[in-house]
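Some notes on the structure that comes next.
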Amino acid sequence: MNRVLPAAGVAFEAGADVVIIGAGAAGLVAALAANEAGAEVVVVERDAVPSGSTALSAGLIPAAGTRFQREAGIEDSPELFAADIMAKAEGEPDAGVVARLTERIGPVLEWLADAHDLPFDVVTNFSYPGHSARRMHGLPKRTGSELIDRLREAVEARDIPILTEFRATTLFTDEAGRVAGIAGMRPGGGEERVGCRALVLACNGYGGNRNLVARHIPQLAEALWFGHSGNEGDAVLWGQALGAELVHMSGHQGHGSVAQPHGILISWATVMEGGFQVNTAAQRFSDESHGYSEQAATVLAQPEGKAWTIFDERIAGIARQFQDFREAEAQGAIVRAQDMISLAAALGLPTASLAATAAEVAALKRGAGSDRFGRDFRNAPALEAPFCAVRVTGALFHTQGGLRIDTQARVHRPDGTTIPNLFACGGAAVGVSGSRASGYLSGNGLLAAIGLGQIAGREASCLAAYDRA
């Protein structure tokens with residue numbers, strides 16, 4: 001139930017300068033930023049414990065020109081980062097928003113490290129597709145659950161209230177179109193109303209709403225949903241009711257490497273460091289290096305919607321820095337063998353075909369011939385025994401379309417006007433990936449969550465202060 005109702009005559013049991021709907025990474029960062037800018041903040045969250053899509057990710061945030069990169073000897077700049085985003089999405093995203101995000105994200109990570117003790121460092125031992133520099137920043141465990149936990153601890157340390165198990169249902173607007181407050185349901189069926197001077201929509205996208213997925217991303221209508229179950233499109237539905245403009249609704253992040261049937265994300269390092277994917281015929285079917293997002297639909301188009309990623313123990317050692325990969329190993333998802341014939345037999349794949357495919361890839365790595373799919377293998381080390389494999393499928397991780405925003409995270413109508421005190425960040429706002437899965441540059445989701453979260457929180461606080469004056 002996503003309603004927008006008149007505020008006239010509505011009594012609010014509680015109130016705050018800034019109310020934030022959603023306690024994922026975007027909402028928690030927005031809460032910290034608004035609080036530090038002087039606002040009284042309340043966060044509402046439908047789950048018992050904050051998690052969101054962030055908790056299901058690897059928790060890696062791309063940023064350029066940070067001190068963490070400098071410490072690792074990496075040269076990079078916000079301008080180069082912005083160019084990479086625009087190139088991957090073929091110029092579709094709002095260039096102003098991209099520039100603001102790439103300029104702000106580095107200082108935001110350093111702020112989170114210095115003010116809130118989040119120990120970021122840079123992934124230095126492999127590169128992600130589309131990035132001109134190694135700029136993925138993460139916490140020690142390289143998990144999204146660790147990121148969420150540390151952000152939640154930071155919010156709690158500031159005594160910012162998080163109302164959990166609060167399912168927001170209604171926005172109330174006054175005659176000027178301002179959001180006056182929200183209502184939501186708590187356990188036991190009681191409704192609570194919270195007034196506000198500014199509202200930040202930090203609830204994620206619509207990937208958990210199968211009807212909206214079928215409408216906007218029909219090619220993934222039956223795909224495994226690997227995001228948070230609460231991503232039902234609340235922000236989209238409220239935005240429509242408020243007259244907001246929706247942009248790039250077909251944009252999304254997929255992933256072509258979710259272990260099957262274990263349901264564990266397998267690092268794309270297994271591909272980028274020289275691995276490859278085969279189908280049930282043990283044949284390659286694409287240029288795997290284009291990106292894991294667009295690879296989701298490519299894998300799903302194969303027989304039985306599955307594939308196998310073939311790599312070796314050296315690559316496994318790189319992937320092992322991620323807790324998800326270690327969990328996949330613990331659950332037996334990673335198969336090993338001393339030669340390709342034995343590996344094929346263990347996987348139930350045609351032995352001669354897998355051996356021929358592996359030999360073809362080895363020849364391409366030596367510079368013999370060119371790949372019919374266009375992949376450049378020449379700088380990738382040869383695979384060596386023991387060889388490894390994991391059965392994977394494609395999945396939808398999160399949607400990238402959403403409410404149009406400007407560089408201050410304010411929500412816009414189609415005519416260019418703004419809804420007076422409404423801000424959006426994370427999956428609620430349109431991302432910087434354009435309208436296609438291929439436009440998703442690794443880390444775009446958390447870039448928007450963390451970067452826009454900080455911007456939205458600070459701008460909402462400033463607006464609330466002006467309103468109080």
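- Distance check, rounded to the nearest 0.5 Å: CD of Glu45 to SG of Cys203 gives 9.5 Å.
- Between Phe120 and His137, a ring centre-to-centre spacing not shorter than 6.0 Å is recorded.
- Residues Ser286 and Gln295 bring a donor and an acceptor atom of their side chains to less than 3.5 Å of each other.
- Rounding to the nearest 0.5 Å gives a distance of 10.5 Å between CD of Glu146 and CG of Leu151.
- The only member of Glu92, His248, His252, Glu90 that meets side chain to side chain donor-acceptor pair (under 3.5 Å) when paired with Ser435 is Glu92.
- Side-chain atoms of Arg326 come within 3.5 Å of backbone atoms of Arg320 as a donor-acceptor pair (strictly under, hydrogens ignored).
- In terms of modelled atom types and a separation under 3.5 Å, the side chain of Ser257 and the main chain of Ile266 share a donor-acceptor contact.
- In this structure, the side chains of Phe68 and Asp121 stay at 4.5 Å or more apart for every pair of heavy atoms.
- One N or O on the side chain of Ser293 and one on the backbone of Ala437 form a donor-acceptor pair closer than 3.5 Å.
- Ring geometry for Tyr128 versus Phe126: interplanar angle of 30 to 60°, hence tilted.
- Contact check on Lys141 versus Asp149 returns no salt bridge, with no Lys/Arg side-chain nitrogen under 4.0 Å from an Asp/Glu carboxylate oxygen.
- Looking only at distances, a side-chain donor or acceptor of Thr399 sits under 3.5 Å from a matching main-chain atom of Tyr206.
- No side-chain heavy atom of Asp234 sits under 4.5 Å from any side-chain heavy atom of Ile21.
- To the nearest 0.5 Å, the span separating CH2 on Trp111 from CD1 on Ile450 amounts to 9.0 Å.
- With hydrogens and angles left out, the side-chain atoms of Glu459 and Gln408 include a donor and acceptor closer than 3.5 Å.
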Item to check | Chi angles and distances behind the side-chain contact (heavy atoms from CB on, under 4.5 Å) call for Leu224, Thr393 | outcome: CA-CA 8 Å; Leu224 171 68; Thr393 189; 4.3 Å; yes
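- Within the 3.5 Å criterion, the main-chain N or O of Ile341 finds no donor-acceptor partner in the side chain of Thr351.
- The minimum heavy-atom distance between Asp76 and Ala63, with the atom names listed, is OD2-O, 4.1 Å.
- No more than 12 heavy-atom neighbours from other residues, nucleotides or ligands sit within 6.0 angstrom of CZ on Arg378.
- With a 4.5 Å cut-off on side-chain heavy atoms, Arg142 and Val123 count as touching.
- Heavy-atom contacts from other residues, nucleotides or ligands closer than 6.0 Å to CD of Glu156 number more than 12.
- By the neighbour-count criterion of 12 heavy atoms within 6.0 Å, atom CD of Glu153 is densely surrounded, having more than that number from other residues, nucleotides or ligands.
- Between the side chain of Glu313 and the backbone N or O of Ala385, no donor-acceptor pair lies under 3.5 Å.
- Residues Leu109 and Ile61 come closest through the heavy atom pair CD2-CD1, 3.9 Å.
- Side chain of Arg134 to backbone of Thr124: a donor-acceptor contact under 3.5 angstrom is found.
- Neither side chain, Gln260 nor His262, offers a donor N or O lying under 3.5 Å from an acceptor on the other.
- A 4.5 Å side-chain heavy-atom check between Met272 and Tyr292 finds every atom pair outside the cut-off.
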Next on the checklist: Set out, in order, the CA-CA distance, both residues' side-chain angles and the distance that settles salt bridge (charged side-chain N to carboxylate O under 4.0 Å, His left out) for Arg391 and Glu304, then state yes or no.
Outcome noted: CA-CA 12 Å; Arg391 188 174 75 178; Glu304 301 177 37; over 6 Å; no
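- Once rounded to the nearest 0.5 Å, the distance linking OG of Ser51 with CG of Leu56 reads 7.0 Å.
- Counting heavy atoms from C-beta outward, Leu246 and Gln240 have side chains that approach closer than 4.5 Å.
- Side-chain atoms of Asp84 come within 3.5 Å of backbone atoms of Ser132 as a donor-acceptor pair (strictly under, hydrogens ignored).
- How far NE2 of His131 is from NZ of Lys88: 9.0 Å, rounded to the nearest 0.5 Å.
- Summarising the geometry of Phe397 relative to Leu265, their closest heavy-atom pair is CZ-CD1, 3.6 Å, with the distance given to 0.1 Å.
- Considering all non-hydrogen atoms of both residues, Asp312 and Ala382 come closest at OD2-O, 3.8 Å.
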Next on the checklist: Checking Thr280 against Trp308 for the side-chain contact (heavy atoms from CB on, under 4.5 Å) test, could you report, in this order, the C-alpha distance in whole Å, the side-chain angles of both residues, the deciding distance, and whether it holds?
Outcome noted: CA-CA 8 Å; Thr280 56; Trp308 285 261; 3.8 Å; yes
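- A distance-only check finds a donor-acceptor pair linking the side chain of Thr357 to the backbone of Ala282 [under 3.5 Å].
- Applying the side chain to side chain contact (heavy atoms under 4.5 Å, CB included) test between Ile162 and each of Val41, Leu28, Ile20 identifies Leu28 as the sole match.
- A 4.5 Å side-chain heavy-atom check between Thr143 and Glu327 finds every atom pair outside the cut-off.
- With a 4.5 Å cut-off on side-chain heavy atoms, Phe387 and Met340 count as touching.
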Checklist entry - Should Cys425 and Val200 be marked as a side-chain contact (heavy atoms from CB on, under 4.5 Å) after you check the CA-CA gap, both sets of side-chain angles, and the distance that decides it? => result CA-CA 7 Å; Cys425 54; Val200 177; 3.8 Å; yes
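- More than 12 heavy atoms of other shown residues, nucleotides or ligands fall within 6.0 angstrom of atom NZ in Lys365.
- Residues Gly453 and Val29 approach most closely at C-CG1, 4.0 Å, considering heavy atoms.
- Around the CG atom of Asn379, the shell of radius 6.0 Å holds no more than 12 heavy atoms that belong to other residues, nucleotides or ligands.
- To the nearest 0.5 angstrom, Ile310 atom CD1 is 11.5 Å from Arg284 atom CZ.
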Checklist entry - Would Glu384 and Arg314 count as a salt bridge (charged side-chain N to carboxylate O under 4.0 Å, His left out) if you check the C-alpha gap in whole Å, the side-chain angles of each, and the deciding distance to 0.1 Å? => result CA-CA 8 Å; Glu384 297 180 354; Arg314 177 190 66 84; over 6 Å; no
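- For Arg100, the CZ atom counts as densely surrounded, since its 6.0 Å shell holds more than 12 non-hydrogen atoms of other residues, nucleotides or ligands.
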Next on the checklist: Run Tyr440 and His398 through ring-ring contact (aromatic ring centres under 6.0 Å, His included) and show every step you take.
Outcome noted: CA-CA 11 Å; Tyr440 186 86; His398 57 81; 5.6 Å; yes
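- His228 places a side-chain N or O within 3.5 Å of a backbone atom of Gly230 that can act as its donor or acceptor partner.
- Looking only at side-chain heavy atoms (C-beta outward), Phe285 and Val299 come within less than 4.5 Å of each other.
- Taking both residues in full, the closest heavy atoms of Val411 and Ala424 are given as CG2-CB, 3.7 Å, listed atom of the first, atom of the second, then distance.
- Taking a 6.0 Å sphere around CD of Glu71, one finds it holds more than 12 heavy atoms contributed by other residues, nucleotides or ligands.
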Checklist entry - Stepwise, does the side-chain contact (heavy atoms from CB on, under 4.5 Å) test hold for Trp225 with Val213? => result CA-CA 10 Å; Trp225 166 234; Val213 172; over 6 Å; no
